[in-house]
Amino acid sequence: MVLLSLGVLLLLAGMSPVFSEAAANNTFRPGEELRSYRRVRAHLRRLNKPASPDGDTIDCVLSHLQPAFDHPRLKGMKPLDPPERPKGHRADAATQNSFQLWRVSGESCPGGTVPIRRTKEEDILRASSVKRFGRKLAVRSRHDSETGGHEHAVGYVVGDQYYGAKASLNVWAPKVTNPSEFSLSQVWVISGSFGTDLNTIEAGWQVSPQLYGDSSPRFFTYWTTDAYQATGCYNLLCSGFIQTNNMIAIGAAISPTSTYDGGQFDISLLVWKDPNHGNWWLELGSGELVGYWPSFLFSHLSEHASMVQFGGEIVNTQPQGLHTATQMGSGHYAREGFGRASYFRNLQVVDWDNSLIPVANLRVLADRPSCYDVQGGINSVWGNYFYYGGPGRNDDRCT
């Protein structure tokens, strides 16, 4: 791998002159050679983390060598410095920093590198084609449209100019019954029409056996500028999103998760447009900047969003002609409430003045409420919120 070779060469170049002297004198010094070898191995262990409890291998990649910088407009550049947060921003202290399985033993990547989940051959082979690996199906994803088997239960705002969004959502491990289906909960920042020029920025958690090879909920990002046709991808699987954080691995498993009638674990997400450079930044949890999407990636979103959407989405492949039993959220209906249903809380948007404000005129919608539903509300603690989700096919309501 290029990174490993570069890392080794850099290390060797900075070592004591024992190697060059030995080569010049044609002498062999086993003690020095062994110590140098051990330093090389120790450096490789810092660069290449061992497989985490979820089976992932996390590589520490030099920041300027991450996939984003393969883009012609980013060649030779480095990540930007963090921008100013929106006015009214407060870090969510309820979210843990070490919320991913690969970090349970205190692992992180060295400064100047970013952690990237290693893509294996079997990951690509599970996709329908190499071209489609890491991409959603090219379907319309309109908030009021059940298209291509995609079903939603969401809250959304529309009709204004939006420069970001923030929310907290609890994390579950919903059952996905078909490898080609997924279940996710996310924030969408949207602009353009729901034809071929749809621009979206997306972040949240998902269970996707086809993409990841397991049933763990994983932190993810997505973007597209042409309605999921040829541009954009999940995570860092194409040139686009620029990661700046050395402690969060996009695509890595989340732990812990919420339990029915038990502890609730939620994460906070903030996506906003830097008013100075126009890039869209992502923050996770208690003030951890993950990285940004350069504004030049987008057409409509280069200016602002025209819709913000929060909620859940599943894919229904209708196995044996019946509705899927893939769960959304906790797998329970919204009416079951706290500790049982999944939720989004403290919904906010960023306005033209780079200020975080509560959402106004929140609408809620479920494509198929007999299978997955949504119920909204507002109070002094959670602000605007809603519960959502469901079990999919069941004998009582969804067949």
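The shown structure was predicted, so the numbers you read here are calculated from the model rather than taken from an experiment.
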Would Asp160 and Asp351 count as a side-chain contact (heavy atoms from CB on, under 4.5 Å) if you check the C-alpha gap in whole Å, the side-chain angles of each, and the deciding distance to 0.1 Å? CA-CA 9 Å; Asp160 205 342; Asp351 68 7; over 6 Å; no
Check whether any side-chain N or O of [X] sits under 3.5 Å from a backbone N or O of [Y] as a donor-acceptor pair, and report yes or no.
{"X": "Asp373", "Y": "Ala334", "answer": "yes"}
{"X": "Trp382", "Y": "Phe344", "answer": "no"}
{"X": "Arg103", "Y": "Glu107", "answer": "yes"}
{"X": "Asn384", "Y": "Val359", "answer": "yes"}
{"X": "Asp123", "Y": "Thr119", "answer": "no"}
{"X": "Arg135", "Y": "Ala230", "answer": "yes"}
{"X": "Lys273", "Y": "Trp280", "answer": "no"}
{"X": "Ser239", "Y": "Pro67", "answer": "yes"}
{"X": "Gln327", "Y": "Lys175", "answer": "yes"}
{"X": "Gln66", "Y": "Ala68", "answer": "no"}

Side-chain heavy-atom pair [X], [Y] within 4.5 angstrom cut-off:
{"X": "Phe182", "Y": "Thr326", "value": "no"}
{"X": "Leu365", "Y": "His152", "value": "no"}
{"X": "Thr221", "Y": "Leu282", "value": "yes"}
{"X": "Pro79", "Y": "Phe69", "value": "yes"}
{"X": "Asn199", "Y": "Ser299", "value": "yes"}
{"X": "Gln186", "Y": "Phe220", "value": "yes"}
{"X": "Ile314", "Y": "Asn316", "value": "yes"}
{"X": "His323", "Y": "Thr399", "value": "no"}

Contact summary for [X] and [Y], nearest pair of heavy atoms:
{"X": "Phe298", "Y": "Trp223", "result": "CE2-CE3, 4.0 Å"}
{"X": "Ile267", "Y": "Phe265", "result": "CG2-CE2, 3.9 Å"}
{"X": "Glu181", "Y": "Pro319", "result": "OE2-CD, 4.1 Å"}
{"X": "Cys398", "Y": "Ser370", "result": "CB-O, 3.4 Å"}
{"X": "Met247", "Y": "Gln100", "result": "O-OE1, 4.3 Å"}
{"X": "Gly134", "Y": "Leu211", "result": "CA-CD1, 4.1 Å"}

Do the side chains of [X] and [Y] join up, straight or via other hydrophobic residues, at under 4.5 Å, putting them in one cluster?
{"X": "Val308", "Y": "Leu169", "result": "yes"}
{"X": "Phe310", "Y": "Val350", "result": "yes"}
{"X": "Leu362", "Y": "Leu270", "result": "yes"}
{"X": "Tyr372", "Y": "Val374", "result": "yes"}
{"X": "Val158", "Y": "Leu198", "result": "yes"}

Steps toward ring-ring contact (aromatic ring centres under 6.0 Å, His included) verdict (Phe241, Trp293): CA-CA 5 Å; Phe241 185 82; Trp293 292 268; 4.7 Å; yes
Nearest 0.5 Å please: distance from the [atom1] atom of [X] over to the [atom2] atom of [Y].
{"X": "Leu289", "Y": "Ile248", "atom1": "CG", "atom2": "CD1", "result": "9.0 Å"}
{"X": "Ser295", "Y": "Leu301", "atom1": "OG", "atom2": "CG", "result": "10.5 Å"}
{"X": "Leu80", "Y": "Trp281", "atom1": "CG", "atom2": "CH2", "result": "6.0 Å"}
{"X": "Gln161", "Y": "Tyr163", "atom1": "CD", "atom2": "OH", "result": "4.0 Å"}
{"X": "Arg218", "Y": "Gln206", "atom1": "CZ", "atom2": "CD", "result": "9.5 Å"}
{"X": "Ile250", "Y": "Ile116", "atom1": "CD1", "atom2": "CD1", "result": "8.5 Å"}

Is Arg397 close enough and on-axis enough to Tyr333, meaning under 6.0 Å and within 45°, for cation-pi? yes
Would you kindly check if the NZ (Lys) or CZ (Arg) of Arg345 is within the cone defined by 45 degrees around the ring axis of Tyr385 and under 6.0 Å from the six-membered ring centre? no
Quiz question: by atom type and distance under 3.5 Å, do the side chains of Asn235 and Tyr212 form a donor-acceptor pair? yes
Regarding Thr177 and Thr324, do their side chains bring together a donor and an acceptor under 3.5 Å, going by distance alone? yes
Just do the side-chain hydrogen bond (donor to acceptor under 3.5 Å, both in side chains) check on Asp59 and Thr57 with the steps written out, would you? CA-CA 6 Å; Asp59 293 316; Thr57 298; over 6 Å; no
Evaluate Tyr228 against Tyr222 for ring-ring contact (aromatic ring centres under 6.0 Å, His included), listing each step before the verdict. CA-CA 10 Å; Tyr228 308 99; Tyr222 200 90; 5.7 Å; yes
Residue pair His304, Tyr162: steps toward the ring-ring contact (aromatic ring centres under 6.0 Å, His included) verdict: CA-CA 6 Å; His304 56 76; Tyr162 307 103; 8.6 Å; no
Steps toward salt bridge (Lys or Arg N to Asp or Glu O under 4.0 Å) verdict (Lys166, Glu283): CA-CA 9 Å; Lys166 184 180 182 183; Glu283 180 187 279; 5.1 Å; no
Apply salt bridge (Lys or Arg N to Asp or Glu O under 4.0 Å) to residues Lys136 and Glu202 and explain how you reach the verdict. CA-CA 12 Å; Lys136 289 187 177 182; Glu202 308 170 27; 2.6 Å; yes
Step by step, would you call Thr231 with Asp226 a side-chain hydrogen bond (donor to acceptor under 3.5 Å, both in side chains)? CA-CA 6 Å; Thr231 64; Asp226 61 357; 2.7 Å; yes
One thing to verify: whether Lys120 and Asp56 come together as a salt bridge, which I'm taking to mean a side-chain N less than 4.0 angstrom from a carboxylate O. no
Check the pair Tyr343 / Tyr388 against ring-ring contact (aromatic ring centres under 6.0 Å, His included), numbers first and verdict last. CA-CA 6 Å; Tyr343 63 75; Tyr388 70 101; 8.6 Å; no
